[in-house]
Amino acid sequence: MPPTGPLAEHPLLWNLNPPQQEAVLHAEGPLLILAGAGSGKTTVITRRVAWLIEEQGVSPGSILAMTFTNKAAEEMRDRVQRLVGVPVEQLWVSTFHSFCTRILRRDGDRTPVGRDFVIFDPSDQRSLMKRVLAELKLPERQFHPKKVLEFISDFKNRCLLPAEARAEALDAWTARAVDAYALYQEGLRNHRACDFDDLLLFTERLFREPAIQEHYGQRFRYILVDEYQDTNRAQYLLVQHLARHRNLCVVGDEDQSIYGWRGADIRNILDFQRDFPEARQIKLEQNYRSTQAILDAASTVIANNSQRIGKTLWTDLGHGERITFKLADEGRLEAEWVVQRVLDERARFPEGRLAVLYRANWQSRQLEEALRAANLPYRLVGGVKFYERAEVKDLIAYLRLISNPFDLVSFRRAVSTPSRGVGPTTLARIEAAIPEEGTPLEGVASLLGRGELKGRAQRELKGFLDLFSRAGAELKALGLPGLLRWVLHESGYLQALEEEGTLEAEGRMRNLEEFLSAAAEAEGMGLRLPEFLDRITLAADADEVDEAAQLSLMTIHCAKGLEFPAVFLVGMEEDVFPNRNARETEEGLEEERRLFYVAITRAQRKLFLSAARRRRIMGSEVLGMPSRFLRELPPEALETPIRWGTELHREGLGIQSPGRPPRGSDGASVASELHRIRGFFDRVRAAQGRPPETPRVESSQEEGGDGAWPAGTRVLSPRFGRGIVTASTGRGEGLTYTIRFEGGEKRILARFGMLERDPG
DNA sequence: CGTGTGTAGCTTTTT
DNA sequence: GCTACACACG
């Protein structure tokens, strides 16, 4: 219960509402904090940690706090440090992945990964997987490396090694994929490498050992897990092993669980009370971030989900401005509208930070183009990551090889950049020459020793070998940035870049310089080479968010946990948001809806939504349909009702249009189109008990006169039967429809398809 | 062996 | 629209 009297005056309780105070004061035993968006979660967590240290006399070293991003971890540590008098270096605040790295670097020799390993990023994983698939003679057409890796990741997230996964291999594809899994693990071990999932998986294995569990269980008397709704099975088990004192405090919000595709299991939070029947549950429902209009929209939307514990956000910030929705005729125009409204907002609130959010990274391109054209500076988060750029990865390959000579993937990369006259043939010979339990460099050495190489390859490989034999001493002498400079020089990388002399090469040099300063910074923090490499690969998009930026562009996933006075959410179309791949299952849709919820609740004062009737996706023109989520918004939260340009065909809502398939470029089809739109939205309004809008002529740029049937048109095909047009590309002879039939989607050339419009 | 060109295939979301 | 890969050429 919230304290009264002198306790309420305690500085760590200042400005906290009763449930928040209760969460801070909770003493021993499990605690579930259901923290709604904007409910002051971080304040509560940090004050709780501070309270434990200051008032309960808990030593910082026996508190472990887990987060998902480095940024969250750093913020938590900073804020706790500012609250308490004693130094908090001993406090363990880290991401799951860096926690596991730390554990494995200490006790990893009890696991197959050992203590010295590199962490493979997705591109390293991919090259290893490609070799595995080639070795197993599995065609990449059926065994797409990325697909197989996702499949493996799924097993790892559920803590299943190949032997255990075998039991689930009921069909031929799965059986072969499990073979690939087994060989992939072998490959990782040979490289002295592990992937992201291995970090969790093997740490969990390690914690199954009673002695280890005892040790760390004793050490961490208080455990705190942030974003608990995003934990996967491995993380869940890890926490269970550690929480021996049952002083486990988990914080989360089931409505913001958006990482199911990465193995996160929403049931972890839904079932916390079952796991810990004695757990205290506290809901933080007062929102300090957004206006009532925004919260109403968010609450109404999320109420459509079934997988909930349930909370109701409220605020005393007042109703605020209603949500603005803009329907543009085309993607580029949508982007230009955003630019215009950004300028308007700037004029009204010069200091207000703005964010443009989208479902997938590809959507940033058009926005960037429009922003550049308008000379508006912006900050893009995510997309192609800095450490994934070719030149940076090249240099990293050298560093990795210095740090871990067993890394064949990095060897292959380093040895062929800059070009040394080593092609597939020489490479194969080198690999064949690698001694058992030996390194690629030893392979090169033995080949050279036997005098089996000549000409350019011989000369260059000697130098290459020489570089690595000296690297250790150079690192000692020059330090991290110095070593980098030395490598760039000695390897001939810099020279090759200079000789190129292109503008592009100049850009790459700038990136390398930036990388050099990152290394200098790391050295300043006392990091050594292996730690620096860990840090690079474990760095997340979210870590590089600049919260002070005036205008930020990012995915909704990246925006989780952030807030902005005004938010633009673009691309509100079916198949974009909700994403096309998520629409088949109910769980998929609920996760998309949570994503929408997250997006809405980022806005403090004003939310803009937008969509485009038409947009280019993967090079072809796609006619969009309104996102189903738009219909879930409460009409009174919107500035103006939502209108569209094509029918929304949902079972029971499909509307027959009169009229004929458009053939010419006259305006008749446009008119019938508009007729249908109004029909649809009037129906929606009628269902909401509101009168139909008076007709209003929308701008009639749609269809562009190419005479294609619009998306949503029902058609009959002699081959496939009834279907619905979902997109069209090309024109004239090349006009192609994408049509959804009962049995799946097909692309059909209009000229040959003998398609008819379906009358009934 | 390395480089340039054509083309298929694809984009969720990320530690 | 982009990229990553296969193939042809110098």
Side-chain angles (χ1 to χ4, degrees), chain A residues 66-73 94-101 119-123 125-127 130 140-141 144-147 150 153 156-157 194-200 227 230-232 234-235 257-264 331 357-366 369 381-385 387-388 390 416-427 455-457 460 496 500 534-544 554-560 571 575-583 588 591-592 594-596 598-599 615-622 729 747:
Chain A
M66 300 280 220
T67 63
F68 276 83
T69 65
N70 298 301
K71 185 162 166 278
S94 72
T95 67
F96 275 100
H97 292 271
S98 28
F99 173 80
C100 291
T101 307
I119 304 169
F120 267 15
D121 71 16
S123 71
Q125 293 182 47
R126 188 164 165 277
S127 27
K130 288 180 76 112
E140 289 200 11
R141 285 303 282 262
H144 199 67
K146 228 179 98 192
K147 254 262 138 58
E150 272 168 24
S153 176
K156 291 189 173 183
N157 287 154
C194 64
D195 62 19
F196 289 137
D197 299 325
D198 276 353
L199 294 171
L200 302 177
E227 309 279 17
D230 290 331
T231 49
N232 62 32
Q235 289 158 332
S257 163
I258 55 175
Y259 285 105
W261 50 273
R262 207 171 68 188
L357 308 183
Y358 35 81
R359 175 66 238 266
N361 278 311
W362 59 265
Q363 297 179 66
S364 71
R365 208 194 73 246
Q366 254 181 346
E369 280 166 8
V381 183
V384 218
K385 281 159 223 127
Y387 294 118
E388 280 167 24
S416 39
T417 39
S419 105
R420 293 192 169 81
V422 174
T425 324
T426 318
L427 212 47
R456 182 169 170 218
E460 300 251 29
E500 212 179 305
D534 287 350
R535 202 183 161 81
I536 288 169
T537 20
L538 294 178
D541 283 343
D543 298 337
E544 52 178 81
M554 64 186 96
T555 63
I556 304 168
H557 282 91
C558 249
K560 192 163 89 151
D575 290 355
V576 175
F577 192 27
N579 187 278
R580 154 184 259 284
N581 305 298
R583 71 175 173 205
E591 182 150 316
E592 294 288 299
R594 290 192 289 267
L595 206 46
F596 187 35
V598 168
R615 72 167 74 243
R616 293 200 140 261
I617 297 178
M618 281 196 270
S620 59
E621 192 92 322
V622 176
T729 64
R747 282 169 62 79

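Model, not experiment: these values are computed from the prediction. Below, each value reflects all heavy atoms present in this structure, side chains not excepted, and no hydrogens, waters or symmetry copies. Order of the sequence lines fixes the chain letters, A, B, ..., with proteins taken first and strands second; residue numbering starts at 1 for each chain.
- Taking the C1' atoms as reference points, C:dC5 lies 23 Å from B:dT12, given to the whole Å.
- Looking at heavy atoms from C-beta onward, A:I536 lies out of side-chain contact with A:I119 at the 4.5 angstrom threshold.
- Distance NZ (A:K147) to P (B:dG9): 15 Å, rounded to an integer number of Å.
- Nucleic acid contact class of A:V422 (heavy atoms, under 4.0 Å, all strands): sugar-phosphate only.
- Look at the P atom in both C:dA4 and B:dT13: the space between them is 15 Å, to the nearest Å.
- Considering all non-hydrogen atoms of both residues, A:A73 and A:S94 come closest at CB-CA, 4.1 Å.
- Between A:W362 and A:R615, the closest heavy-atom pair is CH2-CD, 4.2 Å.
- Taking atom C1' on both nucleotides, C:dA6 is separated from B:dT11 by 22 Å, rounded to a whole Å.
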Give the C-alpha distance, both sets of side-chain angles, the deciding distance and a yes or no for salt bridge (Lys or Arg N to Asp or Glu O under 4.0 Å) between A:D230 and A:R262.
CA-CA 9 Å; A:D230 290 331; A:R262 207 171 68 188; over 6 Å; no
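- Across A:K146, A:K130, A:K147, A:R126, a single residue satisfies salt bridge (charged side-chain N to carboxylate O under 4.0 Å, His left out) together with A:E140, and that is A:K130.
- A:N157 approaches A:G263 most closely through the heavy-atom pair OD1-CA, 3.9 Å.
- In terms of position along DNA chain B, the nucleotide closest to A:S419 lies nearer the 5' end than the nucleotide closest to the other residue of the pair A:S419 and A:Q363.
- When heavy atoms are screened at a 4.0 angstrom cut-off, A:T425 is found touching the sugar-phosphate backbone but no base atom.
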Annotated protein contacts, base or backbone, on nucleotides 4-10 of chain C with a non-hydrogen cut-off under 4.0 Å, one of B, S, - each
SS-----
Taking N or O atoms only and anything under 3.5 Å, show me the protein contacts with nucleotides 13-15 of chain B, one pair per line.
| residue | atom | partner | partner atom | Å |
| --- | --- | --- | --- | --- |
| B:dT13 | OP1 | A:N361 | N | 2.4 |
| B:dT13 | OP1 | A:N361 | ND2 | 3.4 |
| B:dT13 | O2 | A:W261 | NE1 | 3.2 |
| B:dT13 | O2 | A:R359 | NH2 | 2.4 |
| B:dT14 | OP1 | A:T555 | OG1 | 3.0 |
| B:dT15 | OP1 | A:D541 | N | 3.4 |
| B:dT15 | OP2 | A:D541 | N | 3.2 |
| B:dT15 | O4' | A:R262 | NH1 | 3.4 |
| B:dT15 | O3' | A:F68 | O | 3.2 |
| B:dT15 | O2 | A:H97 | NE2 | 3.0 |

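- The nearest whole Å value for the distance from the CZ atom in A:R615 to the P atom in B:dT11 is 19 Å.
- The closest side-chain heavy-atom distance from A:L595 to A:R359 is below 4.5 Å.
- In this structure, the nucleotide among C:dC2, B:dC10, B:dG9 sitting nearest to the side chain of A:R141 is B:dG9.
- Considering only heavy atoms from C-beta on, A:R616 stays 4.5 Å or farther from A:V622 through its side chain.
- The side-chain heavy atoms of A:F577 and A:I556, taken from C-beta on, include a pair separated by under 4.5 Å.
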